[in-house]
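Note that the structure is a prediction, hence the values are computed from the model and not measured.
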Protein chains: 2
Amino acid sequence: MPDTAIPAACAFADHDHAACSAAGLAQAEALCAAQGARLTPVRRRTLEILLEAHRALGAYEVLERLRSDGFGGQPPVAYRALEFLEAMGLVHRIRRLNAFAACMRPGEAHQALFLICRRCEALAEAPGGRVRAAVEAAAAETGFAVERASLEATGLCPACRAEAP
Amino acid sequence: MPDTAIPAACAFADHDHAACSAAGLAQAEALCAAQGARLTPVRRRTLEILLEAHRALGAYEVLERLRSDGFGGQPPVAYRALEFLEAMGLVHRIRRLNAFAACMRPGEAHQALFLICRRCEALAEAPGGRVRAAVEAAAAETGFAVERASLEATGLCPACRAEAP
DNA sequence: TCTTGACACGTTACAGGATAACATCCTAGA
DNA sequence: TCTAGGATGTTATCCTGTAACGTGTCAAGA
Ligand SMILES: [Zn+2]
Ligand SMILES: [Zn+2]
Ligand SMILES: [Zn+2]
Ligand SMILES: [Zn+2]
């Protein structure tokens with residue numbers, strides 16, 4: 001596993017790492033409390049890991065960090081925590097990358113649209129409301145009822161567009 | 001592997017199986033010829049398999065059939081054929097399903113939008129032009145240049161909508 | 001207080017998906 | 001004919017994901 005070679009930030013714009021990480025955690029607390037769900041230590045730590053990394057992590061990368069924090073080191077531990085967080089809308093799964101990333105807008109109901117830079121692996125979560133509407137319109141023509149949509153685009157982020165050939 | 005329990009057609013509307021399968025193969029021939037690419041026996045058979053199945057197949061399902069047809073029985077054989085076909089625009093990869101499906105509109109440049117029924121596993125390829133445009137518009141706001149987009153929706157197909165609770 | 005059931009956590013074991021690396025073969029073009 | 005590139009085949013291994021089962025915890029209800 002190439003633990004190196006992963007620069008990538010989670011949004012294209014610069015911003016206060018620590019702040020957005022802390023805010024994410026606080027919102028998670030609030031959200032879970034509001035819904036009577038339990039943000040247990042493993043779950044909490046899993047979210048923290050994703051917030052700190054500030055990019056998409058594979059389940060096994062998360063697992064490795066959980067293990068070194070003294071939590072169970074077997075795959076189901078990570079997958080269960082990630083599933084819980086996804087169900088709570090705190091984490092998104094990015095299928096194209098077989099990876100998970102902390103949500104940038106927890107609490108707000110929203111359709112995410114992921115922009116993945118193929119050069120620096122940066123990942124941004126853009127608002128996908130319009131796109132979602134277009135999907136539903138297209139689906140409606142065949143009578144299909146959309147429940148969930150995964151919208152993932154690859155290309156070049158602003159920085160790489162400038163640098164790259 | 002549950003070889004049973006997979007009814008699913010590749011489009012929601014009924015249509016002439018054999019005809020669309022043959023047509024697909026013919027178009028593939030033409031397309032490869034036009035581009036000087038070689039539609040070799042494995043590649044051809046792989047496409048045939050997907051056209052006949054008329055639904056999304058995992059690489060290992062394809063592989064199994066290739067093997068029983070006397071072709072190489074190791075994963076790379078299937079993956080290479082599938083990659084080639086995808087590059088030629090004859091096959092799409094559906095990441096949500098870890099599977100591949102024959103393209104319904106080979107030759108025409110198009111953005112595919114996949115509609116996946118969660119109940120009967122039917123898969124339809126809808127025209128995604130509008131959706132793609134919406135994706136690009138959203139991406140443009142952050143300066144991101146979209147190269148490829150995977151658009152996959154899950155929900156209920158018309159038939160299952162009627163039957164299901 | 002004692003049961004009992006729901007839920008989280010942990011582990012084992014395995015299934016399923018994908019690729020790196022190397023050997024062989026075929027085929028188009030010099 | 002010779003040769004370089006592409007296509008196939010094989011081995012081995014890695015990454016991703018899940019089924020199944022046991023244990024501990026906590027709170028509601030007997
Ligand atoms: Zn989000
Ligand atoms: Zn970039
Ligand atoms: Zn298509
Ligand atoms: Zn259906």
For nucleotides 22-24 of chain D, list the nitrogen or oxygen atoms of the protein found under 3.5 Å from its nitrogen or oxygen atoms, one pair per line.
none

Using the side-chain contact (heavy atoms from CB on, under 4.5 Å) criterion, which residues pair with A:Ala59? Sequence neighbours excluded.
A:Tyr79, A:Leu82, A:Phe100

Kindly say whether B:Gly143 contributes a backbone atom to a donor-acceptor pair with the side chain of A:Arg161 at under 3.5 angstrom?
yes

Between C:dG17 atom C1' and B:Leu63 atom CG, what is the distance in whole Å?
11 Å

Separation of A:Leu97 atom CG from C:dG17 atom P, in whole Å?
19 Å

Atom pair distance, as rounded to whole Å: CG in B:Leu82 and P in D:dA7
15 Å

Whole angstroms only, please: what is the CG-C1' distance between B:Leu85 and D:dT8?
15 Å

Indicate, yes or no, whether a donor-acceptor pair under 3.5 Å links the base of C:dA18 to the side chain of B:Tyr60.
yes

Does A:Asn98 have a side-chain nitrogen or oxygen under 4.0 Å from the phosphate oxygens OP1 or OP2 of D:dG17?
yes

Calculate the interatomic distance between A:Glu64 atom CD and D:dC14 atom C1'; express it in whole Å.
14 Å

Summary of salt bridge (Lys or Arg N to Asp or Glu O under 4.0 Å) pairs that have at least one residue in residues 142-153 of chain A, sequence neighbours excluded:
A:Glu86-A:Arg148, A:Glu147-B:Arg118

Partners of B:Arg80 by salt bridge (charged side-chain N to carboxylate O under 4.0 Å, His left out), sequence neighbours excluded?
none

How close or far is atom C1' of C:dG16 from atom CZ of B:Arg96, stated in whole angstroms?
18 Å

For A:Ala28, which residues count as a side-chain contact (heavy atoms from CB on, under 4.5 Å) partner, sequence neighbours excluded?
A:Leu39, A:Leu47, A:Leu90

Tell me, please, which residues at least two apart from B:Ala138 pass side-chain contact (heavy atoms from CB on, under 4.5 Å).
A:Leu113

Qualifying side chain to side chain donor-acceptor pair (under 3.5 Å) pairs, either residue in residues 126-140 of chain B, two or more places apart
B:Gln111-B:Arg132, B:Arg132-B:Glu136

So, B:Arg55 and B:Glu61, do they make that salt bridge, N to O below 4.0 Å?
yes

Between atom CD1 in B:Ile94 and atom P in C:dG17, what is the gap in whole Å?
13 Å

Nucleotide D:dT8, atom C1' - distance to CD of B:Glu83 in whole Å
14 Å

Could you go through nucleotides 8-12 of chain C and list every protein N or O atom that sits under 3.5 Å from one of its N or O atoms, giving the distance for each pair?
from   : atom 1 : to      : atom 2 : distance (Å)
C:dA8  : O5'    : A:Arg43 : NH2    : 3.1
C:dC9  : OP1    : A:Thr40 : OG1    : 2.3
C:dG10 : N7     : A:Arg80 : NH2    : 2.3
C:dG10 : O6     : A:Arg80 : NH1    : 3.2
C:dT11 : OP2    : A:Gly73 : N      : 3.3
C:dT11 : OP2    : A:Gln74 : OE1    : 2.7

Taking only residues two or more places apart in sequence, or in another chain, which ones meet B:Arg38 in a salt bridge (charged side-chain N to carboxylate O under 4.0 Å, His left out)?
none

Below 4.0 angstrom from OP1 or OP2 of D:dG17, is there any side-chain N or O of A:Arg93?
yes

